[in-house]
Every structure is written in structure tokens, then in C-alpha cells.
Amino acid sequence: GGKLDGAFLKSGLIDEMYISIAPVVFGNGIKAFDTGDSEALLQEYYLADVDRFGEREVLLHYKRR
């Protein structure tokens, strides 16, 4: 999960990301990118597109600058 994704992010191996946001509760949740500096690394990406599915779900498409 988050540790593997964080390792890919830190290594610069992610060119694009699709993140789905839906109103579902999973308990405490898990981090998508489990690295200490993921916030700084994610600034290399910009929001390229947003798709809506129904009234409650959104798909975010990010690309690397």
C-alpha cells in the first residue's frame, strides 16, 4: 500500500496518478504515500483532469510536471 507507493514516488517512477474520492468510511484509513517527505514530492504533480461519476464520486487525474 502506502509504503510501496511511497517508494515509487520517492524514486521518481510515477508519471501519472488517478485518485478516486468516494464517500466511504474505511475506519482510520491508510496513507496513500507513506514517506516522510511525500508532501514536497507531490508538488511535482499538477491536476490534469477531473471526472465525476454520479453525484458523489470524483476521479482526479494528476500528471508529473
Sorted by chain and number, sequence neighbours left out, side chain to side chain contact (heavy atoms under 4.5 Å, CB included) with L4 holds for F8
ILVMFWY network linking L47 to F33, side-chain heavy atoms under 4.5 angstrom:
yes
So which pairs with a foot in residues 51-60 pass side-chain hydrogen bond (donor to acceptor under 3.5 Å, both in side chains), sequence neighbours left out?
S20-E57
Once side chain to side chain contact (heavy atoms under 4.5 Å, CB included) is applied, do any residues pair with K10, and if so which ones, sequence neighbours excluded?
D37, L41
Mark yes or no for whether Y45, through its side chain, and I14, through its backbone, hold a donor-acceptor pair below 3.5 Å.
yes
Going hydrophobic residue to hydrophobic residue with side-chain gaps under 4.5 angstrom, can you get from I21 over to V50?
yes
Taking only residues two or more places apart in sequence or in another chain, which ones pass ring pair (Phe, Tyr, Trp, His ring centres under 6.0 Å) with Y46?
none
What pairs of donor and acceptor atoms, side-chain ones from residues 58-65 against any protein atom, are under 3.5 angstrom apart with sequence neighbours left out?
from, atom 1, to, atom 2, distance (Å)
H61, NE2, E16, OE1, 2.5
H61, NE2, Y18, OH, 3.3
R64, NE, E44, OE1, 3.3
R64, NH1, G12, O, 2.8
R64, NH2, E44, OE1, 3.1
R65, NE, Q43, O, 3.3

